[in-house]
Amino acid sequence: MERKVRVRFAPSPTGPLHIGGVRTALYNYLFARQHGGDMILRIEDTDSQRFVPGAEDYINESLKWLGIKIDEGVREGGKYGPYKQSERRDIYREHVKMLLDNGKAYMAFDTPAELEEARATRPNFQYDASTRMSMRNSLSLPADEVKRLLDEGAQYVVRFKIEPGRDVVVNDLLRGNVTINSSVLDDKVLYKSADDLPTYHLANIVDDHLMEVSHVIRGEEWLPSAPLHVLLYEAFGWGDTRPDFVHLPLLLKPDGKGKLSKRDGDRLGFPVFPLEWHDPKSGEISSGYRETGYLPEAVVNFLALLGWNPGDDSEIMNMEELIKKFTLEHCSRSGARFDFEKGKWFNHKYLQEVSDEKLAEMFVPILKANGVNPDDYGMDYIARAVGMVKGRINFVKDLWDQAKFFFVEPTEYAAKDVKKRWNADMPRIMGELVEELKKAPDMTSNVLEQEILGWIAENGYHTGNVMNAFRLTVVGECKGPHMFDITELMGKDETIRRIELGIERIKPAE
RNA sequence: GGCGAUUUAGUGUAGAGGCCUAGCACGCCGCCCUCUCACGGCGGAAACCCGGGUUCGAAUCCCGGAUUCGCUACCA
């Protein structure tokens with residue numbers, strides 16, 4: 001097994017890339033990079049019915065945003081192209097013929113209605129060795145009849161002729177040998193004459209072989225059809241170069257039953273797509289991780305740990321570390337429930353690593369959206385404000401809630417805090433505080449702190465009460481960073497202005 | 001229904017016969033820090049699907065059952 005590692009991510013452009021698909025792509029990528037292999041992106045657009053315009057661009061953009069780099073693909077090129085299946089018709093046609101010629105497949109003329117009827121009338125109907133002679137195909141029909149149908153231009157499909165009674169062994173790197181008897185497999189459709197396109201099964205095997213794919217890492221939903229794929233490799237005579245299989249567990253709903261779906265996101269209020277998606281048909285908009293305020297690094301880290309662990313207690317790992325530590329041995333075999341809360345935590349962690357300056361830049365659009373002109377303050381001011389509150393945010397957008405008082409005066413004062421902290425003496429005491437502030441030569445945090453705390457002590461005031469009332473006038477509620485850090489940044493004039501505003505506007509409860 | 005996979009706290013997981021009075025993380029609760037709210041630090045509640053075996057000894061091995069998930073299309 002000296003073969004070069006080559007893996008592929010092969011989505012079909014039938015809609016936005018699902019977060020589960022993203023994880024599959026990520027695992028492929030980690031595996032490829034770790035082994036110095038190649039990562040192929042193949043577009044499986046063999047279903048002309050379900051094709052959605054824009055989906056392919058969406059896939060590319062998503063992977064790019066996440067930092068999953070493609071070595072070969074439609075955009076990147078490569079010597080095994082084309083990488084879009086709809087452009088490989090000649091190749092498939094040729095391979096279908098190979099199978100037809102060596103008797104591994106046959107043509108079936110049954111109409112959809114006929115198939116439907118067979119399924120409805122016969123219990124447990126399956127198109128296989130036990131039933132195929134009773135259907136209309138090139139095996140059951142006389143040769144001249146088949147020829148006549150073909151000459152008439154009758155539509156047909158090519159089905160794989162599965163020999164029954166054989167135990168087919170799929171060696172899965174994660175699950176070991178999975179054995180399925182060929183009798184339970186049906187004669188899968190490999191090719192449809194109607195649109196001159198193969199189905200997934202045929203295209204997948206032909207492409208993986210031609211593209212010299214060494215490892216097929218895909219979702220568990222493919223496990224039941226893996227024996228069929230093994231048989232297909234054999235039918236083509238490619239048994240000895242067949243890739244290794246890895247069937248990853250699925251991502252499950254945070255609650256209830258079943259795998260994670262688009263609906264869950266809508267219902268529980270979190271994104272299931274990497275990027276925001278505008279459905280071209282319905283006009284419906286689905287939220288994305290990027291637009292929700294996630295850092296791509298956080299999404300990658302979070303996703304990596306859903307179904308895999310590094311074997312030690314580390315949790316925060318960047319792409320480079322993930323590549324280094326990734327191993328199939330530490331992938332789990334059971335579905336992982338999607339935990340949105342943990343995702344938030346990862347984003348929080350990554351946000352802490354972003355510099356105040358960078359965070360300030362990310363905050364600018366939000367400031368503008370809230371009617372604040374960033375130029376009135378300057379980037380330095382914004383960065384310092386952001387630096388004071390970033391420890392308490394999970395998303396960039398949380399910055400507004402935590403830091404808005406740096407930019408706009410309080411319009412209302414939290415009733416609960418007013419009740420607790422604003423007694424009848426406060427207007428007077430705050431008036432005195434204003435006088436103290438006016439006298440203060442220096443607004444530097446620790447200098448002013450010493451001074452004001454000294455003044456409070458001299459007058460025998462209660463520190464907590466005075467400080468919180470002070471905070472109430474400046475912030476509007478009793479929360480936020482160290483009070484004197486706030487006033488240092490805000491400056492003397494603004495601080496005094498807010499206290500006076502508070503004296504005027506805050507009415508003692510009771 | 002058939003076939004396959006799966007099963008450790010609410011969630012993600014560690015654990016590959018004695019190191020397990022089952023570890024870590026998120027979430028939850030409490031304490032500390034403190035002018036407040038957070039952050040952070042410390043601590044707490046919380047799990048081996050069930051039943052049989054094998055063994056001196058089982059979360060770990062065997063058998064049976066149950067569970068959950070997937071597949072069962074001229075979709076991928």
Side-chain angles (χ1 to χ4, degrees), chain A residues 10-14 21 44-47 49-50 108 110-112 115-116 119 123-124 126-127 155-159 170 172 174-175 178-181 183-186 188-195 197-201 203-204 218-227 247 249-250 252 254-255 257-259 302 305-316 330 332-346 348 352 388-393 402 414 417 420-421 449 452-453 456 462-472 475 477-484:
Chain A
S12 57
T14 53
E44 308 222 328
D45 54 347
T46 53
D47 186 352
Q49 303 297 311
R50 295 202 309 156
D110 317 271
T111 64
L115 287 170
E116 202 176 310
R119 278 189 268 265
N124 296 326
Q126 176 171 284
Y127 211 119
Q155 285 190 0
Y156 65 93
V157 297
V158 172
R159 286 181 180 271
V170 178
D172 184 293
L174 247 188
R175 299 160 200 276
V178 177
T179 307
I180 296 181
N181 193 284
S183 298
V184 304
L185 266 23
D186 65 336
K188 272 276 177 293
V189 171
L190 300 179
Y191 168 87
K192 309 153 274 179
S193 75
D195 50 11
L197 241 23
T199 60
Y200 170 86
H201 305 289
N204 178 60
R218 75 231 295 195
E220 193 184 4
E221 69 267 30
W222 294 109
L223 189 53
S225 51
H247 290 97
L250 269 18
L252 272 23
D255 61 344
K257 297 165 176 290
K259 64 174 175 177
F302 171 49
L305 257 13
L306 241 35
W308 171 81
N309 72 81
D312 56 34
D313 286 339
S314 36
E315 290 222 271
I316 301 296
H330 280 111
S332 57
R333 277 133 301 175
S334 55
R337 240 177 234 282
F338 192 81
D339 182 11
F340 190 55
E341 288 303 319
K342 186 113 186 198
K344 282 189 196 167
W345 177 77
F346 273 105
H348 169 83
Q352 304 317 306
M388 281 186 228
V389 302
K390 73 171 173 184
R392 56 192 75 209
I393 61 165
Q402 298 299 327
D417 296 328
K420 188 172 178 190
R421 304 292 187 180
E449 176 171 6
I452 298 301
L453 256 27
I456 289 173
H462 179 73
T463 311
N465 287 350
V466 175
M467 287 305 298
N468 278 293
F470 181 19
R471 179 177 291 277
L472 197 51
V475 178
E477 56 187 315
C478 293
K479 70 165 201 186
H482 190 68
M483 199 54 219
F484 296 102

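Side-chain atoms are counted along with the backbone in the values below, which use heavy atoms only and exclude waters and symmetry mates. Below, read A as the first sequence line, B as the second, and so on, with proteins coming before strands; counting in each chain starts at 1.
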### Task
Let me have a per-nucleotide readout for nucleotides 59-68 of chain B, 5' to 3', with B, S or -, counting only protein heavy atoms under 4.0 Å.
---------S
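Here, B:G17 and B:A59 have their P atoms 13 Å apart, quoted to the whole Å. A distance of about 15 Å separates the P atoms of B:U54 and B:C62, rounded to the whole Å. Remark: the separation of the C1' atoms in B:U7 and B:G51 is 16 Å, to the nearest Å. Taking the C1' atoms as reference points, B:C28 lies 27 Å from B:U67, given to the whole Å. For the C1' atom pair drawn from B:C48 and B:U13, the interatomic distance equals 13 Å after rounding to whole Å. Atom C1' of B:A14 sits at a distance of 28 Å from the matching atom of B:C31, rounded to the whole Å. Taking atom C1' on both nucleotides, B:U11 is separated from B:A45 by 16 Å, rounded to a whole Å. Taking the C1' atoms as reference points, B:G1 lies 34 Å from B:G10, given to the whole Å.
Remark: A:Thr463 is not in phosphate contact with B:C35, judged by side-chain N or O atoms under 4.0 Å from OP1 or OP2.
If you measure from atom CG of A:Asn468 to atom C1' of B:C35, you get 5 Å, rounded to the nearest angstrom. The interatomic distance linking A:Gln126 (CD) with B:C71 (P) rounds to 16 Å, in whole Å. Protein atom CG of A:Leu306 is 12 Å distant from nucleotide atom C1' of B:C26, rounded to whole Å. One interatomic measurement links the two molecules: CG of A:Asn309 to P of B:G12, which rounds to 13 Å at whole-angstrom precision. With rounding to whole Å, A:Met483 atom CE is found 9 Å from B:C35 atom C1'. Atom P of nucleotide B:U11 and atom CZ of A:Phe302 are separated by 14 Å, given to the nearest angstrom. Protein atom CZ of A:Phe340 is 14 Å distant from nucleotide atom C1' of B:G27, rounded to whole Å. The CH2-P distance, from A:Trp345 to B:C24, rounds to 14 Å in whole Å.
Nucleotide B:G2 forms a Watson-Crick or G-U wobble pair with B:C71, both donor-acceptor distances falling under 3.5 Å. Here B:G23 sits opposite B:U13 as a Watson-Crick or G-U wobble pair (both hydrogen-bonding atom distances under 3.5 Å). Nucleotide B:G40 has B:C32 as its partner under the Watson-Crick or G-U criteria, with both atom distances under 3.5 Å. Nucleotide B:A47 forms a pair with no other nucleotide shown, judged by Watson-Crick or G-U wobble geometry with both contacts under 3.5 Å.
The aromatic rings of A:Phe302 and A:Phe346 sit tilted relative to each other, their planes meeting at an angle between 30° and 60°. Taking the six-membered ring where the residue is Trp, A:Tyr156 and A:Tyr191 present tilted rings, their angle falling between 30° and 60°.
In this structure, the side chain to side chain contact (heavy atoms under 4.5 Å, CB included) partners of A:Gln402, at least two apart in sequence or on a different chain, are A:Val389, A:Arg392, A:Ile393, A:Lys479. Judged as a side chain to side chain donor-acceptor pair (under 3.5 Å), and not counting sequence neighbours, A:Arg333 has no contacts. Take A:Glu449 and apply the salt bridge (Lys or Arg N to Asp or Glu O under 4.0 Å) test, not counting sequence neighbours, and it matches no residue. The salt bridge (Lys or Arg N to Asp or Glu O under 4.0 Å) search around A:Lys420 returns none, not counting sequence neighbours. Residues passing the side chain to side chain donor-acceptor pair (under 3.5 Å) test with A:Asn468, sequence neighbours excluded: none. A search for side chain to side chain donor-acceptor pair (under 3.5 Å) contacts involving A:Gln155 returns nothing, not counting sequence neighbours. By the salt bridge (Lys or Arg N to Asp or Glu O under 4.0 Å) test, A:Lys342 pairs with A:Glu315, sequence neighbours left out. Applying the salt bridge (Lys or Arg N to Asp or Glu O under 4.0 Å) criterion to A:Asp255, with sequence neighbours excluded, gives A:Arg267.
At the heavy-atom level, A:Pro481 lies under 4.0 Å from base atoms of the strands shown. Note on A:Gly307: only backbone sugar-phosphate atoms sit closer than 4.0 angstrom, heavy atoms only; bases stay farther off. A:Asn124 comes within contact range of no nucleotide atom at all, as no heavy-atom separation falls under 4.0 Å. Within the 4.0 angstrom heavy-atom criterion, no nucleotide atom of any strand lies near A:Lys390.
A 4.5 Å side-chain heavy-atom check between A:Asn204 and A:Pro198 finds every atom pair outside the cut-off. With contacts defined as side-chain heavy-atom distances shorter than 4.5 Å, the pair A:Met467/A:Cys478 does not qualify. At least one side-chain heavy atom of A:Leu115 sits less than 4.5 Å from a side-chain heavy atom of A:Tyr127. With a 4.5 Å cut-off on side-chain heavy atoms, A:Asp47 and A:Ser12 do not count as touching.
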Between N or O atoms, less than 3.5 Å apart, protein on one side and nucleotides 3-7 of chain B on the other: list the pairs.
| from | atom 1 | to | atom 2 | distance (Å) |
| --- | --- | --- | --- | --- |
| B:A5 | O2' | A:Arg175 | NH1 | 2.5 |
| B:A5 | O2' | A:Glu220 | OE2 | 2.9 |

List, with names and distances, any nitrogen or oxygen atoms from the protein found under 3.5 Å away from nitrogen or oxygen atoms belonging to nucleotides 73-76 of chain B.
| from | atom 1 | to | atom 2 | distance (Å) |
| --- | --- | --- | --- | --- |
| B:C74 | OP2 | A:Arg159 | NH2 | 3.4 |
| B:C74 | N4 | A:Asp110 | O | 2.6 |
| B:C75 | O2' | A:Asp47 | OD2 | 2.7 |
| B:C75 | O2' | A:Arg50 | NE | 3.4 |
| B:C75 | O2' | A:Arg50 | NH2 | 3.1 |
| B:C75 | O2 | A:Arg50 | NH2 | 3.2 |
| B:A76 | OP1 | A:Thr46 | OG1 | 2.9 |
| B:A76 | OP2 | A:Tyr200 | N | 3.2 |
| B:A76 | O3' | A:Glu44 | OE1 | 3.2 |
| B:A76 | O2' | A:Ser12 | OG | 3.0 |

Identify all pairs in which a protein N or O lies below 3.5 Å from an N or O of nucleotides 30-33 of chain B, and state each distance.
none

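Within a 6.0 Å radius of CD in A:Glu116, other residues, nucleotides and ligands contribute 12 heavy atoms or fewer.
Map A:Asp339 and A:Lys342 each onto its nearest nucleotide of RNA chain B; the residue landing nearer the 5' end is A:Asp339.
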### Task
Carefully, step by step, assess A:His247 and A:Arg218 under the rule side-chain contact (heavy atoms from CB on, under 4.5 Å).
CA-CA 5 Å; A:His247 290 97; A:Arg218 75 231 295 195; 3.0 Å; yes
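For A:Asp313, taking side-chain heavy atoms from C-beta onward, the closest of the listed nucleotides B:U36, B:C24, B:C26 is B:C24.
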